Amino acid sequence: MSERIVVDPITRIEGHLRIEADIDENGVIKNAYSSGTAVRGIELIVKDRDPRDVWAFVQRICGVCTTTHALVSIRSVEDALEIKIPRNAHLIRDIMNQAVFIHDHVVHFYHLHALDWVDVVNALKADPNETSRIAQSISSWPKSSPGYFKDVQSKVQKIVDSGQLGIFANGYWGHKAYKLPPEINLLAVAHYLEALDWQKEIVKIHTIFGGKNPHPHYVVGGMATPLDIDSDNGIHAERLMHVSQLIDEAKEFVNKVYIPDLLAIGSYYKDWLHGGGLNNYLCYGDFSTGDLYDPSLYRFPRGIVLNGNLKEVHDIDLKDPTHVQEFIDHSWYNYDGKQKGVGLHPWEGETNLNYTGPKAPYKTLDTNDKYSWLKSPRWKEQPMETGPLARMIVGYAAGKEDIIQIVDETLKKLDVPITALQSALGRTVARGIESVLVADWMRNDMDSLLTNIKNGNQITFDRTKWEPETWPKSAKGVGWLEAPRGALGHWIEIENGKTKNYQAVVPTTWNASPKDHLNNIGAYEAALKDTPLLDKNQPLEILRIIHSFDPCLACAVHLTDLETNKSTEIRIG
């Protein structure tokens, strides 16, 4: 006899996500269901707008992933109009995206995910002297004295004594699934607080190159970044050196704080290998060392790995209507005049809302019918996982030497085989591994930009094909990149200088998708299956697995009536 438990909302994520799980008499999850309980309407809002302006609208899809949506939108328009941007613009865009990676991964590890593994209250039992010894044994980070950790412990004690845990509220403190000794818990809590201060610094890279953060500026044809080392009004030498310094500081924080903590915490959980899931991995590829449209130059290679087979990488063509399709058999949408079981390529995609779920309040969803606002993207009708683990798996299988080397070295330190990556813990380790790689690439790209500028090349924008009079009557394009959470694609159709159709398929759509027309489950649902729960009333294991993907769903529902332009808010549940 199974029992259904509901976790709604999943907290410490961007947006609203509901998880329902059927558990057997032994507390093991037999089936799980992922439901996105909010919907985006951006695709409708940008219809009939100037394609050069769309990036500013789709940047608002999310309050966290603003830069990635803007950049991939710009790329979709440039692909449609066959615009080639200057090399400096490409480097600046990549540096900004790399900054997003480092910021996102550090914030995710410490502030969104670490508390699934770290018992904050238990840190009060720690010996600060022992924590100091451990810290100094794993890193040369200067903040490691006994007095420093004693001060952190005192801060936590005051919070606990107040009875108002604030940022540490609602945790399952004391749960049997926590394994860290008090000293490691104290170390992690200290760096949690440090990361709060550090993260506000790296985003200054966006304010320098893009004018502000969040929502930095981009432009079709390059970057509106005035490079001029001799001008007080442009991006001059002092500002470039500031960016360079921020990059070096990011590398130091990743290598001396993030990675040592990741290995220290992971070493206590290396036998907790639940949450693997599909073993199908998708990566669009990104961070080119040359031509953006030449996948052979990508540092993150493009490809598909099926069933965890590291000996073969399959190709993915984002313009092939048989490769990427979205199905809605278990989603609250309909496709005009089309039968069930039909998938649409994004160029033919439709955003027709059709909520048929239960009225609030309700206990459970009818998971045999439609139960999510997320569609079900599929590659050749197969579900995929995307994100840091997918990038490391595809890169490893593709023979990328730098990826192979750091993956092997990290797994050796943890004393686990590569198959251990196919788990919630492995997903978290992969995120740390790629942070090291991306920080190095960011340093290299900044050096290349500085070299270009020193050699007299300060061009960041090309006006060729900027004016609509130069465009074809109709054109289609796709923009892709690797966002921190995975493969992100925007598809645009332009007609008579206006946006005719627009579709975005985001990483969490791939990972959190409901069942499809063949009843194949998505990555979240597959990862939760067969996971044992120590306490069904405190399902910490569900949080560990779901947080390991770093979910990012829409945070509210805002649609525009296209006739009256009246803004409408819709609340579900």
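Predicted model, so just to flag it, every value in this text is computed and none were measured.
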- Query: What residues, two or more places apart in sequence or in another chain, satisfy side-chain contact (heavy atoms from CB on, under 4.5 Å) together with Val342?
  - Reply: Lys338, Leu344

- Item | Results of side-chain contact (heavy atoms from CB on, under 4.5 Å) for Pro383 - residues two or more places apart only | Leu278, Arg378, Asn520

- Ring centers of Phe101, Phe287 separated by less than 6.0 Å: yes

- His175 and Tyr178 aromatic ring geometry - parallel, tilted or perpendicular at 30°/60° bounds: perpendicular

- Message: Within the 4.5 Å heavy-atom criterion, are Leu374 and Ser331 side-chain neighbours or not?
- Response: no

- Should the ring pair Phe109 and Tyr258 be called parallel, tilted or perpendicular, given that the plane angle runs from 0 to 90° and is split at 30 and 60? tilted

- Query: Do Asp271 and Tyr269 have side-chain atoms, one donor and one acceptor, less than 3.5 Å apart?
  - Reply: no

- In Å and rounded to the nearest 0.5 Å, what is the CZ to NE2 distance from Arg544 to His274? 9.0 Å

- Query: After noting the C-alpha distance and the side-chain angles of Glu350 and Lys375, does the key distance pass the salt bridge (Lys or Arg N to Asp or Glu O under 4.0 Å) rule?
  - Reply: CA-CA 11 Å; Glu350 300 175 6; Lys375 297 179 182 178; over 6 Å; no

Could you list the donor-acceptor pairs under 3.5 angstrom formed by side chains in residues 525-533, with sequence neighbours left out?
{"residue": "Glu525", "atom": "OE2", "partner": "Ser34", "partner atom": "N", "Å": "2.9"}
{"residue": "Glu525", "atom": "OE2", "partner": "Tyr371", "partner atom": "OH", "Å": "2.8"}
{"residue": "Thr531", "atom": "OG1", "partner": "Leu528", "partner atom": "O", "Å": "3.0"}

- Task: Mark yes or no for whether His16, through its side chain, and Asp8, through its backbone, hold a donor-acceptor pair below 3.5 Å.
- Result: no

- Query: Mind checking whether Trp379 and His314 have parallel, tilted or perpendicular rings, split at 30° and 60°?
  - Reply: tilted

- Note on the structure: OG1 (Thr68) and CG (Asn97) are apart, to the nearest 0.5 Å, by 7.0 Å

- Message: Enumerate the ring pair (Phe, Tyr, Trp, His ring centres under 6.0 Å) contacts for residues 512-540, please, sequence neighbours excluded, ordered by first and then second residue.
- Response: Phe327-His517, Tyr524-Phe549

- Task: Mind telling me whether His69 and His490 have parallel, tilted or perpendicular rings, with 30° and 60° as the class edges?
- Result: tilted

- Indicate the ring-plane relationship of Trp347 and His345, choosing parallel, tilted or perpendicular according to the 30° and 60° boundaries. tilted

- Message: Between Glu78 and Gly479 (side chain of the first, backbone of the second, donor and acceptor by atom type, cut-off under 3.5 Å), is there such a pair?
- Response: no

- Query: How far apart are the closest heavy atoms of Ala21 and Ile29, and which atoms are they?
  - Reply: CB-CG2, 4.1 Å

- Message: Quick one: does any side-chain atom of Arg302 pair with a main-chain N or O of Tyr284 as donor and acceptor, under 3.5 Å?
- Response: yes

- Report the C-alpha separation of Ile202 and Val106 in whole Å, then their side-chain angles, then the decisive distance to 0.1 Å, and conclude whether the side chain to side chain contact (heavy atoms under 4.5 Å, CB included) test is met. CA-CA 11 Å; Ile202 191 172; Val106 169; over 6 Å; no

- Message: Working to the nearest 0.5 angstrom, can you tell me the gap between Ile545 CD1 and Glu541 CD?
- Response: 8.0 Å

- Task: May I have the step-by-step check of salt bridge (Lys or Arg N to Asp or Glu O under 4.0 Å) for Arg4 and Asp366, ending in yes or no?
- Result: CA-CA 12 Å; Arg4 180 166 293 192; Asp366 182 0; over 6 Å; no

- Please report the closest heavy-atom contact between Pro539 and Val7, naming both atoms and the distance. CG-CG2, 3.8 Å

- Task: Output all residues satisfying side-chain contact (heavy atoms from CB on, under 4.5 Å) with Lys212, sequence neighbours left out; order by chain, then residue number.
- Result: Arg60, His215, His217

- With a 4.5 Å heavy-atom cut-off, do Asn280 and Asn307 have their side chains touching? yes

- Message: Applying side-chain contact (heavy atoms from CB on, under 4.5 Å), can you list everything that pairs with Asn519, at least two apart in sequence or on another chain?
- Response: His330, Lys515

